[in-house]
Student: 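Would you mind keeping the following structure in view while I ask a few things?
Residue numbers count from 1 along this sequence.
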Amino acid sequence: MLSDIIIYGNSITNYILCISTIILSVILAKIVSRIMKNQLTSKNDTKINDIFFSSLNDPLLVSIVIIGIYFGVKFLSLPEQISDLIHKAIGVALTLCGVVFVERFIDKSIERYLIPLAERKKRKIDDQLVNSIRKFARGVIYTFAILFILRNLGYDITTLLAGLGIGGLAVALAMQDTTKNLIAGLIIIFDKPFKLKDWIVFDGGEGIVEEIGIRSTRIRTWEDSLIIMPNSSLVDAKITNMSAMRKRRVLMTIGLTYDTSAEKVRRAIEIIENILNNHEAVIEPRRVHFVEYGDWSLNLRVEYFIKNLGFDYYLNTLTEINLKIKEEFEKEGIEMAFPTYTVYLEKDN
């Protein structure tokens, strides 16, 4: 009889039952795997189901086999120390399977929902936020997993948690500036006072935003140098976002010579108004007025706004309008003034 043959304290029957249980668990795992693959290829499958089952597939199959090993070993009579070691190992293995499932589920959810959102908006700032969320989530998952495993292995994690609290406080005090910059980076990411490629003016300089990081922001100046600003300093600074202007204001004074007749002054105003009204880049309000008698000129105040389609567009529009005003003034014989002085000499008798 097989039950009468004893090897290392267990009969052949017990070994057969142990191995059979493990084999059955492997077969069950394959059956479950096929069912889950059918579920994943189902036409009625939704995104969340796809994420859930694809994340669960491998960890569940390994867990089934581990549980099969657990029940198979129960058929054997083992020394207490070995049995206890096997039970702890199985507990750690099942915990790791759970960790892998949770990590994959979160990671796939981010890939399916957050990353396409960032790509659709085409903002690098959102990509950085997505990567930060992924790293943070993994850190939290593995921290809790390690604590759970240590607790199941019989370690007193209360002392460990207390030590981590004291150590964390010391690290926090030593990294105050870094922590401030991280928090400020999140404020910039969520509040969005500016975005990539924006032209900003801030305390200490101005330039084009080239990169927005979690710790610092890189700004390319007009001299092509690179300013690396800590986020905490940038959040506290007064920032003017020049790229957020809906239109660009132009304010200038055109001086006419004092021998210009009243009729020609009216004509000059009319010419400027016609040029501004007929230029496609100019928008309301438009104001042209004879405002004062200057030291050496009759001053026309000219104010108008240009569509904000970029700095080059703004400069090109200025050039076109200024040249057009000069051309029309020359046709009408209207002279622009420049600083002149009349000196009277008194001759003694």
Side-chain angles (χ1 to χ4, degrees), residues 192-210 219-225 227 237-349:
K192 293 182 174 64
F194 52 81
K195 60 182 183 296
L196 291 180
K197 306 302 180 184
D198 276 359
W199 168 22
I200 64 171
V201 179
F202 57 96
D203 297 340
E206 67 176 296
I208 304 298
V209 179
E210 194 168 271
I219 301 163
R220 183 72 61 178
T221 68
W222 298 119
E223 293 79 19
D224 203 36
S225 60
I227 298 177
K238 178 183 177 182
I239 299 173
T240 302
N241 191 335
M242 305 299 287
S243 297
M245 291 188 298
R246 294 171 294 181
K247 52 189 177 183
R248 293 176 182 268
R249 183 183 184 222
V250 178
L251 178 63
M252 62 181 178
T253 299
I254 297 178
L256 305 180
T257 59
Y258 260 96
D259 59 1
T260 304
S261 65
E263 184 59 34
K264 283 193 173 183
V265 171
R266 293 191 186 94
R267 179 60 182 149
I269 294 174
E270 183 182 339
I271 288 172
I272 297 171
E273 286 178 340
N274 288 337
I275 292 172
L276 297 180
N277 290 334
N278 293 323
H279 200 290
E280 62 180 3
V282 178
I283 57 178
E284 294 287 352
R286 307 177 185 94
R287 301 183 180 97
V288 184
H289 297 88
F290 175 24
V291 292
E292 65 177 350
Y293 295 94
D295 292 336
W296 44 71
S297 63
L298 306 174
N299 291 334
L300 304 182
R301 180 186 184 274
V302 181
E303 180 185 13
Y304 61 95
F305 290 82
I306 298 174
K307 297 175 184 177
N308 187 22
L309 299 178
F311 193 59
D312 289 336
Y313 184 84
Y314 166 75
L315 293 177
N316 291 335
T317 301
L318 279 179
T319 300
E320 292 171 7
I321 291 174
N322 289 338
L323 283 174
K324 189 66 175 175
I325 290 173
K326 184 166 178 57
E327 288 171 0
E328 294 299 320
F329 276 18
E330 288 175 352
K331 289 179 184 178
E332 297 288 336
I334 300 172
E335 294 184 5
M336 295 185 189
F338 56 88
T340 56
Y341 295 92
T342 301
V343 180
Y344 294 93
L345 297 177
E346 185 176 341
K347 190 174 182 179
D348 293 335
N349 292 328

Student: With side chains defined as the heavy atoms from C-beta onward, is the minimum distance between Ile254 and Met252 less than 4.5 Å?
Tutor: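 Answer yes - side chains close enough.
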Student: Do the non-hydrogen side-chain atoms of Ile306 and Leu318 ever get within less than 4.5 Å of each other?
Tutor: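 Yes; the side chains approach each other to less than 4.5 Å.
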Student: I would like to know whether Ile275 and Ile321 meet side-chain contact (heavy atoms from CB on, under 4.5 Å); could you show each step before the answer?
Tutor: CA-CA 7 Å; Ile275 292 172; Ile321 291 174; 4.2 Å; yes
Student: Hey, are Arg249 and Glu303 close enough for a salt bridge, meaning a charged N less than 4.0 Å from a carboxylate O?
Tutor: yes
Student: What heavy-atom pair brings Glu210 and Leu196 nearest, and what distance separates the two atoms?
Tutor: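 Looking at all heavy atoms of both residues, the closest pair is O-CD2, 3.6 Å.
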Student: Give me the atom names and distance for the closest heavy-atom approach of Ile269 to Leu300.
Tutor: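 Nearest pair, atom of Ile269 first, then Leu300: CG1-CD2, 4.1 Å.
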Student: Would Ile227 and Phe202 count as a side-chain contact (heavy atoms from CB on, under 4.5 Å) if you check the C-alpha gap in whole Å, the side-chain angles of each, and the deciding distance to 0.1 Å?
Tutor: CA-CA 11 Å; Ile227 298 177; Phe202 57 96; 4.0 Å; yes
Student: Minimum heavy-atom separation for Val250 to Tyr314, with atom names?
Tutor: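 That would be CG2-CE1, 3.9 Å.
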Student: Using atom types as modelled and distance alone, determine if a side-chain donor or acceptor of Lys264 lies under 3.5 Å from a backbone N or O of Glu335.
Tutor: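 Judged by distance alone, no pair lies under 3.5 Å.
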Student: NE2 of His289 to CD of Glu273: how many Å apart, nearest 0.5 Å?
Tutor: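 So the gap between those two atoms works out to 7.5 Å.
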Student: Going by an N to O cut-off under 4.0 Å, is there a salt bridge joining Glu263 and Arg267?
Tutor: no
Student: Specify the closest pair of heavy atoms between Lys238 and Asp203, including all atoms of both residues, with the distance to one decimal.
Tutor: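 Nearest pair, atom of Lys238 first, then Asp203: N-OD2, 3.4 Å.
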Student: Roughly how far apart are Leu276 CG and Ile271 CD1, rounded to 0.5 Å?
Tutor: 12.0 Å
Student: Could you tell me if the side chain of Phe329 sits less than 4.5 Å from the side chain of Ile272, heavy atoms only?
Tutor: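 They are in side-chain contact.
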Student: Is there a donor-acceptor pair under 3.5 Å between the side chain of Ser243 and the backbone N or O of Trp199?
Tutor: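 Answer holds: yes.
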Student: Once the angle between the rings of Tyr293 and Tyr258 is folded into 0 to 90°, is it parallel (under 30°), tilted (30 to 60°) or perpendicular (over 60°)?
Tutor: parallel
Student: Taking atom CG of Asp198 and atom CD1 of Ile219, what is their separation to the nearest 0.5 Å?
Tutor: 11.0 Å
Student: Shortest non-hydrogen contact from Trp222 to Glu206?
Tutor: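 Residues Trp222 and Glu206, closest heavy atoms: NE1-OE1, 3.2 Å.
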Student: Should we count CZ of Arg301 as having more than 12 external heavy atoms under 6.0 Å?
Tutor: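 Counting other residues, nucleotides and ligands, CZ of Arg301 exceeds 12 neighbours.
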Student: Establish, from distance only, whether the side-chain atoms of Asn308 and Arg246 form a donor-acceptor pair under 3.5 Å.
Tutor: no
Student: If you compare all heavy atoms of Leu298 against all heavy atoms of Thr257, which two are closest, and at what distance to 0.1 Å?
Tutor: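 For Leu298 and Thr257, the tightest heavy-atom pair comes out as CD1-O, 3.7 Å.
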Student: So, Glu328 and Lys324, do they make that salt bridge, N to O below 4.0 Å?
Tutor: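 The answer is yes: the pair qualifies as a salt bridge.
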Student: Do Phe311 and Arg248 have side-chain heavy atoms sitting under 4.5 Å apart?
Tutor: yes
Student: Under the 3.5 angstrom rule, does the side chain of His279 hit a backbone N or O of Ala281 as a donor-acceptor pair?
Tutor: yes
Student: Rounded to the nearest 0.5 Å, how far does OH of Tyr304 lie from CD1 of Ile283?
Tutor: 12.0 Å
Student: Do any N or O atoms from the side chain of Lys307 and from the backbone of Glu280 form a donor-acceptor pair under 3.5 angstrom?
Tutor: yes
